[in-house]
2 protein chains.
Amino acid sequence: MEKLVQKKLKFRGNEYPCCASLTMGIIGGKWKTVILYHLMDKTLRYNELRKEMPTVTERTLSLQLKALEEDGLIVRRVYTSKPPLKVDYSLTDFGKTLIPLIQSIADWGDLVAEKYSR
Amino acid sequence: MEKLVQKKLKFRGNEYPCCASLTMGIIGGKWKTVILYHLMDKTLRYNELRKEMPTVTERTLSLQLKALEEDGLIVRRVYTSKPPLKVDYSLTDFGKTLIPLIQSIADWGDLVAEKYSR
DNA sequence: CAGTATCCAGCTGGATACTG
DNA sequence: CAGTATCCAGCTGGATACTG
């Protein structure tokens, strides 16, 4: 006679009660999907990303990039050791497994914006 | 000579800089996708949802359900006027347009949990 | 049964100035 | 160029007790 306990899912030290929340734990938040969306088909430098996302602050962009890098979704490559620095960001192979999902997220947002913008 | 300004997207009074962030504004947060995941294929009563999501508090579940209802993704149906109350929740037609996305979110979470749980 | 009320902690993200 | 440092506001969500 034992209770059926749902198995917790784990990723990088965090536990999630459900597979959907695990995904949201990794790509959730205000900016992560936007970053991934812009990196979906190309490598971008830090300032190029800023131009694509005019309303994000430097600090926040920096923190979110670091988090995505820690979760293994993007790589940060440094090309110079002295200022002016050259750094760029791109998806890892693991990050690329998210492309269809990011595309769906963007498509649904497009659909809604189109339908309800009037 | 004008600057190319990205068009903002709007939904229910909020502005989003990108289609991906619009979607996340609607289904983001710690619990919304989990609720939608459980309502994907069936109608559930309040306490049934709680049982599926043992770690959410009553207050938070209540707030998130209200937000999803306001955004038109779920319907709340009341069957009794006196306690004990009977209330249930299900996806609206608009909410159902999210099913493939929620499924992808859940699938990617499953994949990651499987790969990295060891 | 299906919530609400109250109170509060911590996280997320913004503003601004500064730097290797 | 690509960030970091500092300081802080507001939102999100938790704990707990109570209720039509």
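Every chain is numbered from 1 and lettered A, B, ... according to where its sequence line falls, protein lines coming before strand lines.
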| said: What I'd like to find out is whether the side chain of A/D93 reaches to under 4.5 Å of the side chain of A/K96, using heavy atoms alone. | reply: yes
| message | Using modelled atom types and a 3.5 Å cut-off, is there a donor and acceptor pairing between side-chain atoms of B/S90 and backbone atoms of B/T43? | response | no
| message | Can you give me the first and the last nucleotide of DNA chain D (5' to 3') that has an atom within less than 4.0 angstrom of a non-hydrogen atom in chain A? | response | D/dC1 to D/dC7
| message | For a 4.5 angstrom cut-off between non-hydrogen side-chain atoms, does A/N14 reach A/Y16? | response | yes
| query | Hey, does the side chain of A/S21 reach the backbone of A/C18 with a donor-acceptor pair shorter than 3.5 angstrom? | reply | yes
| What orientation do A/F94 and B/W108 show, parallel under 30°, tilted 30 to 60°, or perpendicular over 60°? | parallel
| field | Most 5' of B/P83 and A/P83 on DNA chain C, judged by nearest nucleotide | value | B/P83
| query | Do B/Y79 and B/I74 belong together in a cluster built from hydrophobic side chains that touch within less than 4.5 Å? | reply | no
| field | B/R59: partners by salt bridge (Lys or Arg N to Asp or Glu O under 4.0 Å), with sequence neighbours left out | value | none
| query | Can you list the residues that meet the salt bridge (Lys or Arg N to Asp or Glu O under 4.0 Å) rule with B/R76, with sequence neighbours excluded? | reply | none
| Taking side chain as C-beta onward, heavy atoms only, is B/L91 less than 4.5 Å from B/L36? | yes
| query | Got a sec, which residues hit salt bridge (Lys or Arg N to Asp or Glu O under 4.0 Å) with B/D88, two or more places apart in sequence or on another chain? | reply | none
| If you find the nucleotide of DNA chain C closest to B/D88 and the one closest to A/G29, which residue's nucleotide is nearer the 5' end? | B/D88
| request: Answer with base, sugar-phosphate or nothing: what part of the nucleic acid does A/Y89 contact at a heavy-atom distance below 4.0 Å? | output: sugar-phosphate
| task | Have a look at the helix from C/dC1-D/dG20 to C/dG20-D/dC1 and give the angle its two end axes make, five pairs each, rounded to 10 degrees. | result | 70°
| For DNA chain C, which residues in residues 58-73 of chain B have a heavy atom at a distance below 4.0 Å? | B/E58, B/R59, B/S62, B/K66
